[in-house]
Enquirer: 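Quick one: this structure, given as structure tokens, is what I'll be asking you about.
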Amino acid sequence: MSEQKRTPENDGRDFANAAWSVPSYILSGILVWGGAGWLLSRWTGVYAFIPIGVILGVGLAVYLVYVKYGR
Amino acid sequence: MTPLVLVAGDEFQAPGPSIFNFPPLYEGAPAWLTKPVIFAVVGALLVCAFAWSAFAKPQLVPRGMQNIGEKGYEFVRDQVARPFLGKDAERWMPLLMSLFFLILLWNLFGVVPLIQIPIASHIAFPIVFAVVIYALRIYLGIKHQGPIGYFKNMMFPPGLPKPIYLLLSPIEFLSNMIIAPFTHAVRLFANMFAGHMLLAFFSSVGFWFLFERLTPLGSGLGVLGAVMTIAMTGFEMFIEFLQAFLFTLLAAMYIGGALHADH
Amino acid sequence: MTEAAALLAAEGAENPLFPQAYELVVGSFAFLVVFLVVGKILTPRIQKTLAERTEAIEGGIKKAEDAQAEAQRTLEQYRAQLAEARQEAARLREEAREQGAQIKAELREEAQAEARRLVEAAHAQIEADRQQAFAQLQGEIGRLSTELASRIVGESLEDEARQRRIVDRFLEELEGRPEAVR
Amino acid sequence: MSVLAEVSGNVTAIGYGLAAIGPGIGVGIIFGQGVQAIARQPEAYGVIRQNMLLGFVLTEALALIGLVAPFIFQGIK
């Protein structure tokens, strides 16, 4: 975002990009870190790792969207 | 198979996902010769015929079909291509035009009497489009940004401390490489699938309670089903148009994102 | 998870999320046909036509602009010519007036000169007449005086020189009394 | 049969349907109000856009958590 000139068109394009990729970011966040939690819980037998992983993934995905488009 | 065939016995049964399964057209036909396949081909040929009648001999002063064709062209160009591709819009118009018109016609088959099957409600068809766009996107990204630059631009948003990348990059990768094309295809599929299911449900309610088992108590329900069928048909036409538009728009967005790194 | 996968594999034909191979083939084929016909053959045609139309419209606008510029130029020309003609007329009028004034001045000058000449001639005539009258008068007065004196004195003043001296003395006396002459 | 209506199949689908109601309304409100705000004050576009995006991300997260929640609860019971 920083390299390009800030024009209304570019802004609009960035916003559309961001809005469309939000669901897939959150879904991947859940899958990646929830999946990691699932693996951990299978390995250790501690079930709580799954919800922790899911929440962490969602938080990270939100943070990622903020970092990429929100600033 | 139409919804009414599903109605068996004395009790009303809501149509399920099995309404999307079609047997071969006639006894002894090969398994692939089903209604959606036939109409997929018919739709493709119709799109070609329509485009041919509109654009084969274009006049400076448009008349007849060319007027309609040009409206469609201008819609795709101004609403889809230009916002996301900017000056590259003209170059990608052929692909976007084909995508938009084919998907639109296939979707509209869902509300055409006797056809009544949105082709995209069979996930294979959206998958074909999504895979084409996905391959094109990766090819263009690597061509325009270099193999390393493409993945670097994609997975490492600048200006963050190093350990954060360890947490964020897998999300980026999964999102861009797997989830995005998946949702691209599934969005179209699911909308058509669910929309058609709703239509089938309401029309079977109407049919069951008004024709099969007409009772004083059930007739009200039947009328409601019939009215809802009409309303939902209008709504479905809108959704079908919207999904064709959105699929094309996302295709343009992915291509545009691959052409120049935007972050 | 594994259960779901097994279910998916078993239900392959039934599960709507499971693509049918033949449908993939048909879909690819249909898309290819549409892309070749609509995308590769027909879309370039309409693009070309639209570009031509834009050009034609822009060309028409350009032509109209040219015509307008031409008209403007002609108008300017006419205006310039008109202004020039007006200026010329003004100049001519001015010139004529100047000439008229000059002629008038010349005529007046001439007339004045003529008048002056006449007056001078008159003056000269008068002076000459006066001189003549004076000379005549002088001679007459001398003769008359001599005659008178000789009558009075009774003797002829034979001596010419003496006679003249007496006359001159008399005349000088006369001149000493200006009012007597004028 | 004395049962008037019977729910068969996967109950989690209903759970997700319920979980999607709130975020659906929320996303609608966010974009509706956001567009309105931009129409009223185009000069504040940048700020509105940011907040719209953040609100959308947070709401959408809820909707997608609803999608995986059944898997989590399945293990807990």
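These values consider heavy atoms only, across backbone and side chains, with no hydrogens, waters or symmetry-generated copies. Computed from a predicted model, the values in this text were never measured in an experiment. The sequence lines fix the lettering, A, B, ..., with proteins before strands; numbering per chain opens at 1.
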Enquirer: Is chain C contacted by the side chain of B/Phe50, its backbone, both, or neither, given a heavy-atom distance below 4.5 Å?
Expert: neither
Enquirer: Chain B heavy atoms under 4.5 Å from C/Leu36: which part of the residue, side chain, backbone, both or neither?
Expert: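 Neither part.
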Enquirer: Pick one of side chain, backbone, both or neither for B/Ser121, based on which atoms fall under 4.5 Å of a heavy atom in chain C.
Expert: neither
Enquirer: Please confirm whether B/Arg137 makes a cation-pi placement over B/Tyr254, using NZ or CZ under 6.0 Å from the six-membered ring centre and within 45° of the ring normal.
Expert: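 Satisfied, under 6.0 Å and within 45°.
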Enquirer: Are there over 12 heavy-atom neighbours, none belonging to C/Glu55, within less than 6.0 Å of that residue's CD?
Expert: no
Enquirer: Between C/Lys48, C/Gln47, C/Glu52, C/Lys40, which shows the greatest number of heavy-atom pairs under 4.5 Å with chain B?
Expert: C/Gln47
Enquirer: Any salt bridge linking B/Arg82 with B/Glu90? Criterion: basic side-chain nitrogen under 4.0 Å from a carboxylate oxygen.
Expert: yes
Enquirer: Which answer fits B/Trp106, side chain, backbone, both or neither, if we ask what part of it has an atom under 4.5 Å from a heavy atom of chain C?
Expert: side chain
Enquirer: For C/Glu84, does the CD atom sit with more than 12 other heavy atoms under 6.0 Å from it, leaving out its own atoms?
Expert: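 It does not: C/Glu84 CD has 12 such atoms or fewer within range.
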Enquirer: Report yes if the side chains of B/Phe247 and B/Leu99 come closer than 4.5 Å at any heavy-atom pair, otherwise no.
Expert: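 They are in side-chain contact.
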Enquirer: Using non-hydrogen atoms and a 4.5 Å limit, figure out which bit of B/Pro62 sits close to chain C: side chain, backbone, both or neither.
Expert: both
Enquirer: Taking C/Val38, C/Val25, C/Leu50, C/Ile46 one by one, which has the highest count of heavy-atom pairs under 4.5 Å against chain B?
Expert: C/Ile46
Enquirer: Side-chain contact test, heavy atoms from C-beta onward, threshold under 4.5 Å: evaluate it for B/His196 versus B/Glu236 and give yes or no.
Expert: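 Sidechains of B/Glu236 and B/His196: no contact.
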